[in-house]
Amino acid sequence: MARKPLIAGNWKMNLNHLEAIGVTQKLAFALPGKYFDVVDVAVLPPFTDLRSVQTLVDADSMPITYGGQDLSPEDSGAFTGDVSGAMLAKLGCTWVVVGHSERRTIHGEDDELVNRKVRAALRHGITPILCLGEGEDVRDAGEHVGHCTAQLDAALKGLSADEVAKVVVAYEPVWAIGTGKSAGVADAQEVCHALRERVREVHGGPVADGLRILYGGSVKSNNVGDLVKSDDVDGALVGGASLDPEGFAELCALAAGGPLP
Ligand SMILES: O=C[C@H](O)COP(=O)(O)O
């Protein structure tokens, strides 16, 4: 089944709302409309930027989608500092990152919380981009496939096949994030394939064949083309390389099959 690639730029804690406007404008300007027929392009700014990005995207009818980098597992109430799925939905978010390794490591998020956040996103009609991946020690021990499929099982626990069909999975080996050390194409394909086969086993062929599985970890213009050519890699979650709009536009074009004119 042909799956349209998704290239999502995770800005992490970079760019204030004024800078966000500039970067989003430049990205839309640099990437001709025809590329959006072939690849979906998203930006994932900090919460404080979302309203500005929404206003710009709506006003200029940009083909760019956007989303948050995290959400609360709860819908409202006394949860100081948290942002709910309902709030993100109201801001027109298509996506929300869940279970990023920086949240798992820095904020101690475990699989059970990640599962609750996936459910919260789906409850509000937002597509969770569910991140998972192994650390260097697990990879060195050769246990990366089992580790990642176990994380997948835990994050999707109790979800119906229809719900799983609405999830995007992002395989991000922790040792490749922000290190300049990207997984090889064969390594990315190995884990993405195993994740798809696990979904096939539990939720059936149509869900597995339709599921978008991204790779993330030091994705740049020089490796994105080969990564998305892999059978089971359907796009990329891009960190550092998404902050420069012209460079990110080039990366998106390469994911769509060729460089910008
Ligand atoms: O969410 C994005 C990933 O953490 C990858 O970040 P990176 O492209 O800077 O390595």
Side-chain angles (χ1 to χ4, degrees), residues 5-15 19-20 23 27 39-47 49-50 53 64-71 88 93-107 109 114 117-118 121 126-136 138-139 144 147-148 151-152 155 167-185 187-188 191-192 195 212-228 230 233-255:
L6 166 65
I7 305 295
N10 176 10
W11 294 357
K12 308 192 177 183
M13 198 172 70
N14 295 292
L15 306 175
E19 292 164 333
V23 166
L27 173 60
V39 67
D40 286 332
V41 177
V43 292
L44 305 165
F47 289 138
D49 299 1
L50 284 172
V53 171
I64 295 170
T65 53
Y66 55 89
Q69 298 174 12
D70 183 37
L71 84 169
L88 294 178
C93 288
T94 302
W95 320 98
V96 64
V97 178
V98 174
H100 192 278
S101 72
E102 285 147 21
R103 304 254 2 138
R104 292 181 191 253
T105 307
I106 303 167
H107 299 274
E109 295 194 3
V114 171
K117 289 188 174 192
V118 167
I126 304 172
T127 300
I129 301 178
L130 164 65
C131 300
L132 49 85
E134 81 285 357
E136 197 150 31
V138 175
R139 158 94 25 192
H144 47 286
H147 176 91
C148 292
Q151 278 186 321
L152 181 77
V167 173
V168 169
V169 176
Y171 167 54
E172 296 208 307
V174 180
W175 47 270
I177 296 176
T179 58
K181 202 161 72 172
S182 173
V185 172
D187 296 328
V191 178
C192 292
L195 295 170
R212 285 206 278 198
I213 305 181
L214 316 183
Y215 166 78
S218 297
V219 175
K220 314 272 181 232
S221 291
N222 63 10
N223 58 6
V224 71
D226 287 337
L227 283 163
V228 299
S230 302
V233 180
D234 309 312
L237 185 56
V238 184
S242 69
L243 297 173
D244 162 44
E246 283 86 12
F248 188 53
E250 180 74 16
L251 190 157
C252 293
L254 288 162

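In listed order, ligands and their atoms are each counted from 1.
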Donor-acceptor contact present, side-chain Thr105 to main-chain Glu102, <3.5 Å | no

In this structure, atom 9 (O) of ligand 1 is nearest to the protein heavy atom Gly240 N, 2.9 Å

Quick note on ligand 1: atoms under 4.0 Å from a heavy atom of Gly217 include exactly 5 (C), 10 (O)

Across all chains, not counting sequence neighbours, the salt bridge (Lys or Arg N to Asp or Glu O under 4.0 Å) partners of Lys220 are none

Here the atoms of ligand 1 under 4.0 Å from any heavy atom belonging to Ser218 are 7 (P), 8 (O), 10 (O)

> Do the side chain of Gln69 and the main chain of Leu44 share a donor and acceptor less than 3.5 angstrom apart?
Replying inline: yes

Worksheet entry | Close approach of Ala176 to ligand 1, heavy atoms, under 4.0 angstrom | yes

For atom 8 (O) of ligand 1, the closest protein heavy atom turns out to be Gly239 N, 2.9 Å

Short version for Asn10: what comes under 4.0 Å of ligand 1, heavy atoms counted, is side chain

Is it true that Lys220 lies under 4.0 Å from ligand 1, counting heavy atoms only?
no

**Study point:** Side-chain touch Val23/Phe248, heavy atoms, less than 4.5 angstrom
**Key:** no

Just by modelled atom types, is the Gly133 backbone N or O under 3.5 Å from a matching donor or acceptor in the Gln151 side chain?
yes

Sorted by chain and residue number, the salt bridge (Lys or Arg N to Asp or Glu O under 4.0 Å) partners of Asp234 (sequence neighbours excluded) come out as Arg3, Arg196

> Got a salt bridge between Arg104 and Glu172, using NZ or NE/NH1/NH2 to carboxylate O under 4.0 Å?
Replying inline: no

Practice item. Kindly confirm or rule out an N or O of Gly178 lying under 3.5 angstrom from an N or O of ligand 1. Key: yes

For atom 3 (C) of ligand 1, the closest protein heavy atom turns out to be Glu172 OE2, 2.9 Å

- Message: With a 3.5 Å distance limit and no angle check, can you tell me whether Thr127 reaches the backbone of Val96 through a side-chain donor-acceptor pair?
- Response: no

Non-hydrogen atom of Ala241 closer than 4.0 Å to ligand 1 | no

Looking only at non-hydrogen atoms, the one of Gln69, Lys181, Lys12 nearest atom 6 (O) of ligand 1 is Lys12

Atoms of ligand 1 under 4.0 Å from any heavy atom of Leu237, numbered from 1 in the order shown, are 1 (O), 2 (C)

